Amino acid sequence: MHILLVASAFNSLTQRVHVELRDHGHTVAVELALPERPLAEAVRRHAPDLVLAPMLKTAIPREVWAAYPCFIVHPGPFGDRGPSSLDWAIQRGADRWGVTVLQAVEDMDAGDVWASVDCVVPPVGKSDLYRGEIADAALTAVLLAVERFASGTHTPRPQGPAHAEYTPVRIRPYLDQSVRRIDWDADSTETVLRKLRAADSQPGVLDVLCGAEWYLHGGHPEGGLRGAPGELLATRAGAICRATTDGAVWIPELRRRRAPGQPPTYKLPAAQALGDRLPSLPELAAPDCADPRRRTWTDIGYREEGSVGVLSFSFPGGAMSTTQCRRLLDAYRQACARPTSVLVLGGQRDFFSNGIHLNVIEAAEDPAAESWANINAIDDLVEAVLTTTDRLVVSAVAGNAAAGGTMLALAADEVWCRAGAALNPHYRLMGLYGSEYWTYTLPRRVGAATADRLLGEALPMSAASARDLGLVDRVVDCGPGDFAAEVGRLAARLAALPGSPSRIAAKKAELERQECGEPLAAFRERELTRMRRTFDDPDAPYHALRRAFVHKRRPESTPPHLGLAATTATRTAAGADRSTRARVTGTALDDLSRRPDGWYQES
């Protein structure tokens, strides 16, 4: 079928639906619902078989849903209605929730239901849940609804007493700041965490801190520190720790409340946002991972089991500032000093990395200089991974990765992706040539022609498509909460394979051959030469695109590359190119054979 996605933004769920529908053989185009652009006219131009709205903040006009079948993805269970469904679920402590695909009608969320899938609600923030369990449930529901629609035989289930299995409708109001407000003198740590998690990405929880109004973003428990309720206790890695009635919470990011007539504000690491307002507080080191009883938060952690080390990291939004890159590089070097034969990089849930931190760059006194510092810091990290020759390095990509974050993953010997991850291996939408040694790592995996196509297309791809191209070595089909354990099991098996020591020796020899021919430094120098010209040119599109991204400015129209009908043909055409690509120092697949069901077993 030809399916048109109508969305308020090309967000993570819209991207996930886009790649999965393409993988299932449909042609897919995207139209952004913008105030200045008549949606009915755009839909008529696409002439779709089905209109699907994965994330839509406005109603589909009658002239559209009356003329075309229109499906809405609602992040709530059967019978749930309202714009803040997921927020209410988290704030009220639901342990299960769901996603419903329903047909658009006059009343919001009131149409017949084509599919409804439930899921667990772990104690994580809304954005993490949305990209994880909710996205998984949404894809199951979307694919089921599309299959049922295509069959022409399925009768959707109406909402209301007309159905034999009547489920009462729950209409939930918008969750405003009056309900989100934290009472620091009365709310327990658990209550504070639920409020913070229900608003972690947007809209945040409005609060007064250090004499000014801020939106608080993100929340993690702290079990060891105590203080007067509402008191700031410490900092760690840019986050602030604030006391509750029975404990404390870590808040990683803040956003200043927008003043009348002023430009929109944006999130920054909490300590940086407060600046001179921040009182003198102790900077606490990361906890010792050897003590699992310590209930606290850190954005970088290391654990070890037998011959496997796991260096995990989790940065808000997947963005990596200069400081974060340098801290992660220090942790990587420390991990490499340990006596392990396999080092896993990543392995937690949600984002792997989206590359440089555009918000921190925008806030800098000299954004061009900060851009330069940030790209060099992430290049240093990638170089360290590329030049690790005494062990196998695995990038464990639990969630989405984009731009330099994708290239960071490719620096490892193997890339393992959770099935629900979406990859964006391109830079051009931010007006950048790109660095992170992509001119070395990307062509050696997929070939030069496919590398050029991926960067030019600027479209997301699923983990399965990335595996088909050779960009990913293993797809791990599990839920977000099971990924870390599954990666640990696979890494232990990799370390125990008889061929692993010879692979480690081979990668060292290959790097030595590479350095004798075209050194890695040459790739970095060429990339950075082009990046430096962009950063130093105030009229370069990058600066305007960065500002638009940071301030969340709506585009004037749907970007042309999204409006084109994309198919699976764009990725399968790489088959011949892949057959001639340079070999990547072997993979675990060299030691395994494919089973009939698509998984691998030891030979």
Side-chain angles (χ1 to χ4, degrees), residues 9 201 204 212 214-215 217 237-239 252-259 261-278 299 315-329 351 353-382 402-408 424 426-438 455 458 524-556 559:
S201 180
W214 304 87
Y215 290 95
H217 292 275
E253 293 185 310
L254 299 176
R255 176 170 59 92
R256 186 72 181 269
R257 187 176 191 180
R258 183 180 184 179
Q262 296 300 308
T265 57
Y266 49 91
K267 291 176 284 187
L268 286 170
Q272 178 181 349
L274 288 171
D276 293 340
R277 294 176 180 268
L278 183 68
D299 56 358
F315 301 128
M320 298 170 63
S321 68
T322 303
T323 300
Q324 288 166 327
C325 288
R326 289 172 178 166
R327 287 196 297 107
L328 185 54
L329 175 58
F351 283 120
S353 170
N354 287 326
I356 60 177
H357 202 312
L358 299 178
N359 286 23
V360 170
I361 289 171
E362 182 68 12
E365 185 176 342
D366 185 345
E370 181 56 31
S371 298
W372 180 248
N374 202 164
I375 200 67
N376 274 280
I378 196 169
D379 276 8
D380 290 344
L381 175 61
V382 173
T406 305
M407 305 313 169
L408 169 61
N424 278 278
H426 55 81
Y427 299 89
R428 77 174 178 87
L429 300 183
M430 199 50 60
L432 292 173
Y433 177 72
S435 193
E436 294 94 7
Y437 293 86
W438 78 261
L455 269 68
R524 176 171 177 165
E525 183 179 359
R526 284 195 297 269
E527 294 167 2
L528 288 180
T529 296
R530 298 188 62 162
M531 293 287 274
R532 188 64 184 259
R533 286 201 299 265
T534 298
F535 294 154
D536 289 347
D537 179 3
D539 297 322
Y542 159 72
H543 297 289
L545 291 167
R546 183 193 69 244
R547 287 190 290 270
F549 175 86
V550 169
H551 294 286
K552 301 188 184 306
R553 294 174 189 159
R554 285 178 176 169
E556 296 180 357

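Not measured: the values here are computed from a predicted model.
- Residues Tyr542 and Phe535 place their aromatic rings such that the two centres sit under 6.0 Å apart.
- Closest approach of Ala319 to Gln324, counting heavy atoms only: O-OE1, 3.2 Å.
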Please determine whether side-chain contact (heavy atoms from CB on, under 4.5 Å) holds for the pair Leu328 and Met320, giving the CA-CA distance in whole Å, both sets of side-chain angles, and the decisive distance to 0.1 Å. CA-CA 9 Å; Leu328 185 54; Met320 298 170 63; 3.7 Å; yes
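- Of the inter-residue distances, the one linking Arg256 atom CZ with Arg258 atom CZ reads 14.0 Å to the nearest 0.5 angstrom.
- Across all their heavy atoms, Ser201 and Lys267 have their closest contact at O-NZ, 3.5 Å.
- Here the CG-OG1 distance, from Asn374 to Thr323, works out to 9.0 Å after rounding to the nearest 0.5 Å.
- Residues Leu358 and Glu362 are not in side-chain contact: their nearest non-hydrogen atoms beyond the backbone lie 4.5 Å or more apart.
- Counted by atom type alone, His357 and Asn359 present zero donor-acceptor pairs between their side chains at under 3.5 Å.
- Thr534 and Ala540 get closest at one heavy-atom pair: O-CB, 3.5 Å.
- Closest approach of Val382 to Glu436, counting heavy atoms only: CG1-O, 3.5 Å.
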Take Tyr437 and Met407 through the test side-chain contact (heavy atoms from CB on, under 4.5 Å) and record every step on the way to the result. CA-CA 7 Å; Tyr437 293 86; Met407 305 313 169; over 6 Å; no
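- In terms of heavy-atom proximity, Glu370 sits nearest to Ala364 at CB-CB, 3.6 Å.
- The closest side-chain heavy-atom distance from Arg547 to Arg553 is below 4.5 Å.
- Residues Val360 and Pro269 form a side-chain contact, since some pair of their non-hydrogen atoms from C-beta on lies under 4.5 Å apart.
- Taken to the nearest 0.5 Å, the CD atom of Glu527 stands 9.5 Å off from the OG1 atom of Thr529.
- Contact of the Leu432 side chain with the Met531 side chain is registered, since non-hydrogen atoms from C-beta on lie closer than 4.5 Å.
- Within a 6.0 Å sphere centred on CZ of Phe549, heavy atoms belonging to other residues, nucleotides or ligands number 12 at most.
- Remark: Trp372 CH2 to Leu528 CG distance equals 4.5 Å, nearest 0.5 Å.
- Atom-to-atom distance recorded for Thr265:OG1 and Arg255:CZ is 4.5 Å, nearest 0.5 angstrom.
- Asn376 and Arg532 share no donor-acceptor pair across their side chains, judged by distance under 3.5 Å alone.
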